[in-house]
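These figures come from a predicted structure and were not determined experimentally. Sequence lines set the chain letters: A, B, ... in the order given, protein chains first and strands last, and positions in each chain run from 1.
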Amino acid sequence: MPELPEVETVRRGLQPAMEGRRITQMRVNRPDLRFPFPARFAARLTGARIDSLERRAKYLVARLSTGEALIMHLGMTGRFLIETPEALVAPGAFHREPGAGAIHDHVIFSLEGDARVTYNDVRRFGYMDLVPLDGLAECRHFKGLGLEPLGNTLSGAMIAKLFAGKFAPLKAALLDQRLIAGLGNIYVCEALFRARLHPEAPAGSIATKTGRPRASAHRLAETIRDVLTEAVAAGGSTLRDFAHTDGTLGYFQHAFRVYDREGKPCVTSGCGGTVTRIVQSGRSTFYCPLCQKR
DNA sequence: CGGTGCACCTGTATGC
DNA sequence: TGCATACAGGTGCACC
């Protein structure tokens, strides 16, 4: 469930259960997720207080009282079950009937105040790591990460500078976390549609030869910001994997204009186009061939 | 170096 | 019903 809006939604859901609380017990049910857990993972977390829970791009970052940070990436199917005495379900978490299957529960945090947070990940593309707090930005996960699209650095001028001279398609450039960090397949499709830009156009085409922004670069910066802001406000998107959630996870999927709408009419009034699906670098791209120009 | 394609893993939907 | 195939929100790495 994990583009920026979904991760931010999860962060907000986990915050009350985790922030300011000490980890009293860790259960780690396997030696690895996508990567092996770091050495003595459970021991290094047990007894630590979580001073804050933050987000960087698609990562969750728990700052710990031990001088380390717990970094969590949700991959494709990572999600959290949150159980606290105050509420059995929190925004951004999934819900499960008591006693229901737990075969993909990989990590369980027990926290002060009888709170419990369970990390569940069917495909295990997610991972967790512990890194020193000092020099967090230089750790191997964050070094080389591009700009935060909801920060104050995203602008038409900045995107033009990043994309200038690139022949990779816009779709690929927007998915490249080294340039802009946090977009994924859904929100790239949606932002390109809103900016009326063709996903196969060369990334460099939004800039002049000298790297100055064209009008399309400004449009793109604005639509990225807009779609992410709206999605965060909606609590992210809930896709097929989460059909059995209780609905607290978000409803932005109802606002998709192109994603997963192959064969449906373009929503632009008077356009008359049909949403089309193509495959770019092995992943589905949805777009309107009439609205979106190269 | 820039760009592309596949591998990683499990579950579900679809078609024969 | 059974079985084969395609596809799914991500990304690290091998390869041209």
Side-chain angles (χ1 to χ4, degrees), chain A residues 1-11 29-36 55-60 71-80 92 94 100-106 119-129 139-146 149 162-191 199-204 227-228 231-232 234-245 249-256 258-263 277-286:
Chain A
M1 44 164 326
E3 297 182 44
L4 186 154
E6 291 73 37
V7 177
E8 176 60 22
T9 299
V10 168
R11 187 193 70 78
N29 286 331
R30 47 178 302 126
D32 55 28
L33 292 172
R34 181 171 188 189
F35 305 114
R55 180 190 58 74
R56 166 77 172 105
K58 302 176 191 174
Y59 293 87
L60 291 170
I71 292 180
M72 298 180 278
H73 193 287
L74 306 185
M76 292 275 263
T77 53
R79 53 188 190 162
F80 289 95
F94 77 98
I103 55 167
H104 298 300
D105 289 358
H106 306 306
Y119 179 73
N120 176 288
D121 188 347
V122 169
R123 294 174 74 181
R124 304 201 303 275
F125 289 168
Y127 54 92
M128 298 188 186
D129 198 7
C139 79
R140 80 188 124 118
H141 308 287
F142 294 164
K143 184 184 52 166
L145 260 193
L162 290 171
F163 286 13
K166 293 197 180 298
F167 289 92
L170 273 173
K171 170 84 186 294
L174 289 167
L175 283 174
D176 189 338
Q177 305 295 301
R178 295 169 301 183
L179 302 174
I180 300 171
L183 295 170
N185 206 33
I186 293 177
Y187 298 106
V188 165
C189 290
E190 294 295 316
E200 291 178 311
V227 75
L228 293 179
V232 168
S237 303
T238 305
L239 297 200
R240 47 203 129 244
D241 292 358
F242 296 85
H244 54 290
T245 63
L249 230 181
Y251 47 88
F252 191 75
Q253 67 278 10
H254 302 302
F256 291 168
V258 286
Y259 186 82
D260 209 16
R261 293 194 67 247
E262 182 181 16
R277 174 183 171 271
I278 58 174
V279 175
Q280 291 180 282
S281 46
R283 315 198 58 196
S284 290
T285 297
F286 300 88

Distance test, side-chain N/O of A:Arg124 to OP1/OP2 of B:dC8, below 4.0 Å: no
Short side-chain N/O contact to B:dG11 OP1/OP2 from A:Thr77, under 4.0 Å: no
Side chain to side chain donor-acceptor pair (under 3.5 Å) between A:Tyr127 and A:Asp129, intermediate numbers included: CA-CA 7 Å; A:Tyr127 54 92; A:Asp129 198 7; over 6 Å; no
Watson-Crick or G-U stems involving DNA chain C, each at least 3 pairs long, distances under 3.5 Å, ordered by first number: B:2-8 with C:10-16, B:10-16 with C:2-8
Side chain to side chain donor-acceptor pair (under 3.5 Å) between A:Arg277 and A:Ser284, worked out: CA-CA 6 Å; A:Arg277 174 183 171 271; A:Ser284 290; 2.8 Å; yes
Aro-ring/base stack A:Phe125-B:dC8, d under 5.5 Å, angle under 30°: yes
Parallel, tilted or perpendicular: ring planes of A:Phe252 versus A:Tyr187, cut at 30 and 60 degrees: tilted
Distance (rounded to the nearest 0.5 Å) between A:Asn120 CG and A:Thr77 OG1: 8.0 Å
Spacing of A:Met72 atom CE and A:Asp121 atom CG [to the nearest 0.5 Å]: 12.5 Å
Residue pair A:Glu6 / A:Ser237: nearest heavy atoms and the distance that separates them: OE2-N, 2.8 Å
Nucleotide N/O of nucleotides 12-14 of chain C paired with protein N/O under 3.5 Å:
unit_1	atom_1	unit_2	atom_2	d
C:dG12	OP1	A:Tyr127	OH	3.4
C:dG12	O4'	A:Arg34	NH2	3.3

Counterpart residues, side-chain hydrogen bond (donor to acceptor under 3.5 Å, both in side chains), relative to A:Glu8 (two or more places apart): A:Arg11, A:Arg12, A:Arg55
Member of A:Lys171, A:Gln280, A:Glu3 meeting the side chain to side chain donor-acceptor pair (under 3.5 Å) criterion with A:Asn185: A:Lys171
